Amino acid sequence: EVLQEVGVMTGDENGNFNPDALVTRNEMAVVMSNLMEYNVATYSGTSPFTDVPSWAEPYVAACYTNGIVAGTSATTYGGDQTVTTAQAALMLMKSLGYFQYQSDFENDWQFATIKQAGLIDLFIDVDSGVREAMTRNDVAQLVLNTLEAGTVRADDDTIKVESGDVTVEAGKVSYDYITSGEAYAEAIDSNLHHGAGAAGTSTAGSIVQLGEKLYMGDLKLNDNTTDVFGRPARYWEYEGNEIGTYTKTVLLRQEYTAEVTGRDLYDLLGKSIIDDYSFDIYVDGETEKSVLGDAYFTEDDLTRANDDAVGDTGNGVLTQVYQDIDNHEITIAVINTYLAKAQEDYDEKNEEVDLTIYELDNKGSSRTPVFVKMDDSK
């Protein structure tokens with residue numbers, strides 16, 4: 001959804017994203033051109049490759065001219081081949097400013113690429129292997145991770161010896177983060193400051209992430225928020241409009257779909273975590289005892305001796321436990337997923353059941369009980 005909003009990746013003519021479809025090198029050039037906002041029309045006919053179809057040629061040419069892609073030979077690009085994880089990662093890291101010198105590739109370009117990409121967390125939630133073909137889903141995740149990564153510049157400390165017409169270069173270039181004191185440099189991560197990350201040193205100010213550089217503050221991320229149920233979440237917006245709020249599934253430790261007792265949660269978390277961590281406990285997004293009544297509970301109820309259900313959990317109730325190791329925080333979200341409750345057993349003689357149907361726009365309220373007959377179930 002983020003990449004669609006900024007125009008980097010979109011669906012087909014039927015509105016489908018096709019997440020499991022494999023991505024070709026030609027298609028990856030389109031993604032990179034959209035990401036870098038190249039005016040591709042101005043590059044038409046400038047690439048040296050003879051095997052690129054007309055629809056892809058301007059995109060490939062733009063990426064080639066800007067040093068994002070290379071060919072499989074002097075005159076071929078191999079655009080109909082699927083793009084591998086290592087190839088896509090290399091293209092994206094070049095957009096960040098890495099791999100500007102031949103010495104960066106060491107003896108194995110794939111190893112060097114994967115090593116550096118791992119250091120800057122490009123592969124979080126990316127499932128494909130180094131040499132595997134990438135799906136659209138994995139490419140989207142890789143690109144999103146890159147938007148959140150810091151941009152760099154070469155420090156130009158390479159040793160150069162000149163003698164007449166001969167220039168000898170030695171040493172390995174290192175990369176420093178690009179920083180800025182401007183407000184746009186805090187649009188995606190306001191906490192990414194001097195000395196953070198794995199590139200090298202940097203000057204004072206916030207590290208400029210690629211999404212900040214490309215959209216100059218129009219693309220914003222709040223990485224420390226909650227959704228309507230109280231679950232840890234990330235909130236994205238673009239040009240002042242909400243893109244969406246997304247639960248941090250990486251923090252999800254356990255979930256239940258039946259009754260959960262205090263002992264269950266004690267056994268899951270353990271005494272040390274219960275004693276040392278702070279707790280946020282929500283039932284349908286509510287935390288106040290006056291609102292929740294018997295559904296209200298705290299970490300004090302998480303004991304080995306407590307075999308009672310907490311939060312009115314049971315059938316039709318989803319309980320999720322999130323653990324934030326860095327901040328020593330536990331979030332428990334109890335979500336009533338049902339829309340109605342039967343007041344008594346099904347009446348076989350009259351073929352009906354008495355239900356209480358809950359309002360969708362008013363938490364905890366109920367409508368007057370109604371009778372649902374067999375014919376109504378259709």
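Predicted model only: the values in this text are computed from it and were never measured. Computation of the quantities below employed the complete heavy-atom set of this structure, encompassing side-chain atoms and omitting hydrogens, waters and symmetry-equivalent molecules.
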Dump the intermediate steps for side-chain hydrogen bond (donor to acceptor under 3.5 Å, both in side chains) on D51 and T76, then the final yes or no.
CA-CA 6 Å; D51 64 338; T76 60; 4.8 Å; no
Would you give the length of the straight line joining atom NZ of K213 to atom CG of L96, rounded to the nearest 0.5 angstrom?
8.5 Å
Donor-acceptor contact below 3.5 Å, side chain T82 vs main chain A133:
no
Atom CG of N222: over 12 foreign heavy atoms under 6.0 Å
yes
All heavy atoms of L210 vs all of S95, minimum pair found to be CD2-OG, 3.7 Å
Can a side-chain donor-acceptor contact be found between E348 and Y346 if the only test is distance below 3.5 angstrom?
no
Determine whether Q343 and T356 satisfy the following criterion, side-chain hydrogen bond (donor to acceptor under 3.5 Å, both in side chains), listing intermediate values before the conclusion.
CA-CA 7 Å; Q343 297 304 301; T356 297; 2.6 Å; yes
Under 3.5 Å donor-acceptor, S128 side chain and E132 backbone
no
Counting only heavy atoms not in F105, do more than 12 sit closer than 6.0 Å to its CZ atom?
yes
Side chain T151, main chain V208, donor-acceptor under 3.5 Å:
yes
What residue pairs, at least two apart or across chains, pass ring pair (Phe, Tyr, Trp, His ring centres under 6.0 Å) with a residue in residues 243-286?
Y277-H328
Run the ring-centre check on F49 versus Y64 and record whether the distance is less than 6.0 Å.
yes
Solution key, residues 6-14 side-chain donor-acceptor pairs under 3.5 Å, sequence neighbours excluded:
residue	atom	partner	partner atom	Å
D12	OD1	N14	N	2.9
D12	OD1	G15	N	3.1
D12	OD1	N16	N	2.9
D12	OD2	N18	ND2	3.1

For the CD1 atom of I188 and the CG atom of L214, what is their distance to the nearest 0.5 Å?
8.5 Å
Under the 3.5 angstrom rule, does the side chain of S33 hit a backbone N or O of V30 as a donor-acceptor pair?
no
Side-chain cluster (under 4.5 Å, hydrophobic types only) that V250 belongs to, other residues
L251, L252, Y322
Heavy-atom distance under 4.5 Å between the side chains of V143 and L92, does that happen here?
yes
Donor-acceptor check, side chain of T247 to backbone of T249, threshold 3.5 angstrom: yes or no?
no
Looking only at heavy atoms, the pair that brings Y338 and V317 closest together is CE2-CG2, 4.1 Å
Can you check whether Y98 reaches L90 side chain to side chain, under 4.5 Å on heavy atoms?
no
CG (D345) with more than 12 external heavy atoms under 6.0 Å
no
Identify the two heavy atoms, one from S206 and one from A185, that lie closest to each other, and give their separation to 0.1 Å.
CB-O, 3.5 Å
Which pair of non-hydrogen atoms, one from G262 and one from V310, has the smallest distance, and what is that distance?
N-CG1, 3.8 Å
Can you find a side-chain donor-acceptor pair between T313 and E259 that sits under 3.5 Å?
no
Side chains of Q323 and R253 only: does a donor on one sit below 3.5 Å from an acceptor on the other?
yes
L302 and its side chain to side chain contact (heavy atoms under 4.5 Å, CB included) partner, picked from I332, D264, L268
I332
Minimal heavy-atom distance between Y296 and T298, with the atoms involved, is OH-CG2, 3.4 Å
With no hydrogens and no angle check, do the side chains of N336 and D284 hold a donor and an acceptor under 3.5 Å apart?
yes
Verify whether one side chain among Q320 and E255 offers a donor that lies under 3.5 Å from an acceptor in the other.
yes
Check this for me: Y77, atom OH, are more than 12 non-hydrogen atoms of other residues, nucleotides or ligands nearer than 6.0 Å?
yes
Pair Q100, D104: side-chain N/O donor-acceptor within cut-off below 3.5 Å:
no
Strictly distance-based, threshold 3.5 Å: is any side-chain N or O of N327 a donor or acceptor partner for the main-chain N or O of E329?
no
Whether the side chain of E212 engages the backbone of Q209 through a donor-acceptor N/O pair (distance < 3.5 Å, no angle test) should be reported.
yes
Checking the side chain of T337 only, and the main-chain atoms of G316 only, is there a donor and an acceptor separated by less than 3.5 Å?
yes
Please check if the side chain of D301 supplies one atom and the backbone of F297 the other of a donor-acceptor pair under 3.5 Å.
no
Output for pair (T146 OG1, L122 CG), nearest 0.5 Å, gives 4.5 Å
To the nearest 0.5 Å, tell me how far D127 CG sits from D138 CG.
5.0 Å
Tell me whether T42 contacts the main-chain N or O of N39 through its side chain, where contact means a donor paired with an acceptor under 3.5 Å.
yes
Nearest heavy-atom approach of A88 to V83 is N-CG2, 3.8 Å
Looking at CG of N137 and CZ of F17, how far apart are the two atoms once the value is rounded to the nearest 0.5 Å?
6.5 Å
Has N315 got more than 12 heavy atoms of other residues, nucleotides or ligands less than 6.0 Å from its CG?
no
Check whether the side chains of D227 and T245 place a donor and an acceptor atom closer than 3.5 Å, and report yes or no.
no
Rounded at 0.5 Å granularity, tell me how far CG in D223 sits from CG in L221.
5.0 Å
Does R234 pair with E148 as a salt bridge, N-O distance under 4.0 Å?
yes
Ion pair check, E106 and K115, cut-off under 4.0 Å
yes
